[in-house]
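Pasting a structure below so you can have a look.
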Amino acid sequence: MMKVKNEKKMETILSDACNKELDQCSYEELYTALLGIVEEESKKQIMPVKGRKLYYISAEFLIGKLLSNNLINLGLYEDVKACLEAHGKSMAALEEVEPEPGLGNGGLGRLAACFLDSLATLKLPGDGIGLRYHCGLFRQKFEHQSQSETPDFWLGGDEWAKKTEKTYTVSLAGEDYTARLYKLAVTGYEGRTNYLNLFDLDTVDPSVIKDGISFDKTEIARNLTLFLYPDDSDDAGRLLRIYQQYLMVSAGAQMILEECRERGSDLRDLADYAAIQINDTHPSMVIPELIRLLGEEGIEFEEAVEIVTKVCAYTNHTILAEALEKWPKHYLDTVVPQLMPVIKKLDALVCEKTEDETAFIIDKSQTVHMAHMDIHFTHSTNGVAALHTEILKNSELNQFYRLYPERFNNKTNGITFRRWLLKCNPELTELIESLIGPGFKKDASELEKLLGFVDDEKVLKRLEEIKRDNKAALAEWLKHTQDVIVNPDSIFMIQSKRLHEYKRQQLNLLYLIHQYFEIKAGHMPKTPVTAIFGAKAAPAYTIAKDIIHALLTLSKVIADDPEVCKWIQIVFVENYNVTAAEKMIPACDLSEQISLASKEASGTGNMKFMLNGALTLGTMDGANVEIAEAVGQENIYIFGQSSDQVIRRYSHGDYSAKEWYETDPNIKRAVDFLTGEEMVSCGCQEKLERFKNELIHKDWFQTLPDFNAYIVRKDQAVADYAVNPLGWTRRALINISKAGFFSSDRTIAEYNDNIWHLGE
Ligand SMILES: *Cc1c(COP(=O)(O)O)cnc(C)c1O
């Protein structure tokens, strides 16, 4: 009866589900009813699995709110919207009812979510495997211009992830625990339904959380899945992360073997039934766990290694040394003693293969390198953008590349256009559809047809209007949620992403200080600017929190200055998440992608902004390189050192921030301002001084050498925007038309063609 194509029918279905007239329904009742309707509809899209099925294992799935996205994918959105509106209700208000799932953190988790959407849309059999965190990362609050963290309780009420009767026994530190499976339906756009499988313990108990997000870390039966990335500044915290990882991979591996057996596998032919993608190193223990489980089924070690290598593939997400996971061996001895014999035998195999100690799994100091295990015992290692993969091959992982050149490959990241265009920017979607038809929704390369309109003034005017509407909508949202008033006629420059020194929010901060001085000196920008930030800092990352403090303090200093506040406004959006991103990205004029070249593996925020008609101001890093190639130098603002220069500087170890600070008066003026009277009277001297010292004496991510180039490019962008608005919009349209390559449908098709071969 469903796949309704008119609001009248939907009206009957909805009021039946609510069991009353729609006028009398609260948004909560409507939400519950729609959840049920989506569930029923998604079941109709379940398709049998033939051949190989993918299991995408990841510590994070940053899926965002699901209701609207599922309605869009199932073709029900327009009917529901019309039906609500006929009763004086709005989709936006309905969306408020749903809490955003706390299953991820940043780009890596969002990528996993985009991949699930694309798999289901391409009708490929592919499930996710992860953990059901009760509180996600944390909810960010600003108090006295500083970040504080509170638990983000998002469970409770109606949930998309359904509890099942399926359980698996997992041994942690010699004790048995029962992992319960929850299943969350992933609906594809006119596609199939796959599942995100999430594991949890029934015994987990949020009442152990005390005082912000701290809790007793020892009692794992009660705390195991409370938080994503629990604080790892002490032993108990680090052990807890390993407990979490093993719960995920052991329950996941058992589920995979069970499913494959049910489909007829004798386990020796596992590679004909399963492909496993290891998303970063958190799930690496799935390799020894599978070998161990196959051993229990009577398969010899050597054969098990061969099977698992054929089934598994690994994605590397970073070259930051501190993020390449390694654990003291005694941690693993404690948590997973059953895996240690396997890991030791794998290490012995490596020693037979190479004398290069930097490629060993267990090093001289008894540290276990998870990424090394992944590279040796999977058949594919991929980077996530062309530049990143080249850096892996030529420097970071060169010793492995020489051992296994055929295993290394690139899969440039992508984003799902259903969420990052159809859902978050309906006006732009409508315009595109009116110009080139609906084909781009499933074949993103069709966006290139928009190139035929870049000189059509009517189209450009409409695009300009849409951007203006989206900026007004963001302004309205900011007023409503953050109690700030912004000017939609200023240029919106947005930097929203996790807070990390390598992403260089501090460079943006120094620019704003520089502008402050320029305005004081009577050099006004060509148009008022609104600098918008969104970022969470890891709770134990002191300098990242100091950068937030400096930005919030500067925001206040400027707001209180009648001369400067006419020209600059800084807005720091509290608790940046997918919901906030969906409001911010369509409203952006200038997308800030200013990481230190070589450090951002890919970025996906850059792709979302481009798709929504922002121009990029960025370094030649990650996927920015491919964006620049696609749109051409005249349609992007590139600045700064190249990755080669940066890598050379690191290897010579000759970077001295102090020299730059002392010899460049503009740098000195901006850096000194951090602890000047204006800032200190408004903020916390200790934090501001600590941050200033870090910049002068360390500056690990080479902010100062890029400072002047950044100012020049950014001022150029502001001037272009102000002087030739239609020219700006023309270039925005070129960016949109070239965004097709960055669809995760393309990425997933490549993974499938080169690595997974699903359904075959
Ligand atoms: C896309 C996205 C990210 C990743 O942004 P980058 O700029 O690629 O780091 C992080 N958080 C959220 C909420 C996102 O939607």
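Counting starts at 1 for both ligands and their atoms, following the listed order. When a residue number appears, it is its place in the shown sequence, counting from 1.
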Checklist entry - Which salt bridge (Lys or Arg N to Asp or Glu O under 4.0 Å) pairs, counting each pair once, include a residue from residues 577-588, with sequence neighbours left out? => result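 Found R419-E582, K423-E582.
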
Next on the checklist: Could you check whether R132 makes a cation-pi contact with Y182, meaning its NZ or CZ is under 6.0 Å from the centre of the six-membered ring and within 45° of the ring axis?
Outcome noted: yes

Short N or O separations between ligand 1 and the protein, below 3.5 Å:
from: ligand 1; atom 1: 7 (O); to: K497; atom 2: NZ; distance (Å): 2.7
from: ligand 1; atom 1: 8 (O); to: T604; atom 2: N; distance (Å): 2.8
from: ligand 1; atom 1: 8 (O); to: G605; atom 2: N; distance (Å): 3.0
from: ligand 1; atom 1: 9 (O); to: K503; atom 2: NZ; distance (Å): 2.7
from: ligand 1; atom 1: 15 (O); to: K608; atom 2: NZ; distance (Å): 2.6

Next on the checklist: Looking at L54, is its backbone amide N or carbonyl O close enough to the side chain of Q277 to form a donor-acceptor pair, meaning the two atoms are under 3.5 Å apart?
Outcome noted: no

Checklist entry - Could you give all pairs that pass the salt bridge (Lys or Arg N to Asp or Glu O under 4.0 Å) test and reach residues 606-631, with sequence neighbours left out? => result none

Item to check | R504/E600 ion pair, N-O < 4.0 Å | outcome: no

Item to check | Residues that K714 engages under salt bridge (Lys or Arg N to Asp or Glu O under 4.0 Å), provided they are two or more places apart | outcome: E592

